[in-house]
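The block underneath contains the structure these notes are about, expressed in structure tokens.
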Amino acid sequence: QAYANMIESGRSNDVAWGNQLGYILLPFHLAMHNDPLAYVRKAKMTVDRKKSSLEAIFTCKTSEVFVKMFGLKAGAFTFRRMFANTTISFSNLVGPTEKIELCGHPVVFIAPSVYGVPQALIVHYQSYNNTIKIVLSVDEEIFPDYSQLLDDFVVSFGLIKDAASRLSESIKKE
């Protein structure tokens with residue numbers, strides 16, 4: 001509704017339309033912790049620090065300038081090279097909080113993914129209607145037992161959820 005009002009008011013020319021892609025590069029630490037939330041706390045601290053920096057804005061604007069100066073093929077080449085030199089790609093999108101319909105049909109879940117990027121593992125998280133769906137894109141040569149990898153994700157999220165619920169219960173008691 002907000003977008004419709006903006007378009008009707010004639011202010012739509014003041015807004016940049018379309019997708020803008022900025023990214024941040026994060027270290028991926030593999031470690032065993034006694035507390036399942038220790039890894040979450042460390043990752044959140046790193047992500048918060050990176051999000052408050054200008055890295056995402058800088059990568060977006062640099063990509064735009066590069067494409068304008070050298071063309072789309074050079075931009076695609078550089079973008080692909082950057083992704084080819086990363087180990088894993090994560091994508092996290094927040095979906096609608098209430099149920100939606102598409103052409104009169106209720107949407108049960110949303111599962112975004114990509115195809116053709118040079119990573120061995122791509123993880124997409126999508127939250128929709130109080131449910132998180134995880135979509136893995138896996139290179140079968142590197143992860144031959146990809147179903148075990150997905151099971152490991154389920155176990156890890158279960159441990160994190162249980163630790164978080166115990167933490168929230170102890171906070172409520174205090």
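Numbering of residues begins at 1 and proceeds along the displayed sequence.
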Apart from Phe58 itself, what residues make up its hydrophobic cluster when side-chain heavy atoms of I, L, V, M, F, W and Y under 4.5 Å apart count as a link, directly or indirectly?
-> none
What one should report as the nearest heavy-atom pair of Ile142 and Ala120 is CD1-CB, 3.4 Å
For Phe70, the other hydrophobic cluster members (4.5 Å side-chain criterion, sorted by chain and number) are Val65, Phe66, Met69
Cluster check Ile160, Leu167: I/L/V/M/F/W/Y, side chain < 4.5 angstrom | yes
Applying salt bridge (charged side-chain N to carboxylate O under 4.0 Å, His left out) to Lys161 and not counting sequence neighbours gives none
Other hydrophobic cluster members with Val135, side-chain heavy atoms of Ile/Leu/Val/Met/Phe/Trp/Tyr under 4.5 Å, chained?
-> none
Sequence neighbours excluded, which residues qualify as side-chain hydrogen bond (donor to acceptor under 3.5 Å, both in side chains) partners of Asp145?
-> Ser147
Considering residues at least two apart in sequence or located in another chain, which fulfil the salt bridge (charged side-chain N to carboxylate O under 4.0 Å, His left out) criterion with Asp35?
-> Arg41
Stepwise salt bridge (Lys or Arg N to Asp or Glu O under 4.0 Å) test for Arg166 and Asp162 | CA-CA 6 Å; Arg166 284 194 306 272; Asp162 292 343; 5.2 Å; no
Ring pair (Phe, Tyr, Trp, His ring centres under 6.0 Å) involving Phe153 - partner list, sequence neighbours excluded = none
Just wondering, more than 12 heavy atoms not from Phe143 lying within 6.0 Å of its CZ?
-> yes
Name all residues meeting the side-chain contact (heavy atoms from CB on, under 4.5 Å) criterion together with Val67; count only those two or more places apart in sequence or in a different chain, and write none if there are none.
-> Leu72
Residue pair Ile122, Leu136: steps toward the side chain to side chain contact (heavy atoms under 4.5 Å, CB included) verdict | CA-CA 6 Å; Ile122 300 170; Leu136 297 180; over 6 Å; no
Going hydrophobic residue to hydrophobic residue with side-chain gaps under 4.5 angstrom, can you get from Val123 over to Phe157?
-> yes
Transitive ILVMFWY side-chain link Tyr39 to Ile134, under 4.5 Å | yes
Please list all pairs passing the side-chain hydrogen bond (donor to acceptor under 3.5 Å, both in side chains) test where one or both residues lie in residues 52-69, with sequence neighbours left out.
-> Lys50-Glu55
Check side-chain hydrogen bond (donor to acceptor under 3.5 Å, both in side chains) between Lys42 and all other residues, then give those that pass, not counting sequence neighbours.
-> none
Test side-chain hydrogen bond (donor to acceptor under 3.5 Å, both in side chains) applied to Asp152 - qualifying residues, sequence neighbours left out | Gln148
Between Leu121 and Leu149, which heavy-atom pair has the shortest distance, and what is it?
-> CD1-CD2, 3.8 Å
side-chain contact (heavy atoms from CB on, under 4.5 Å) against Lys73, all qualifying residues, sequence neighbours excluded = none
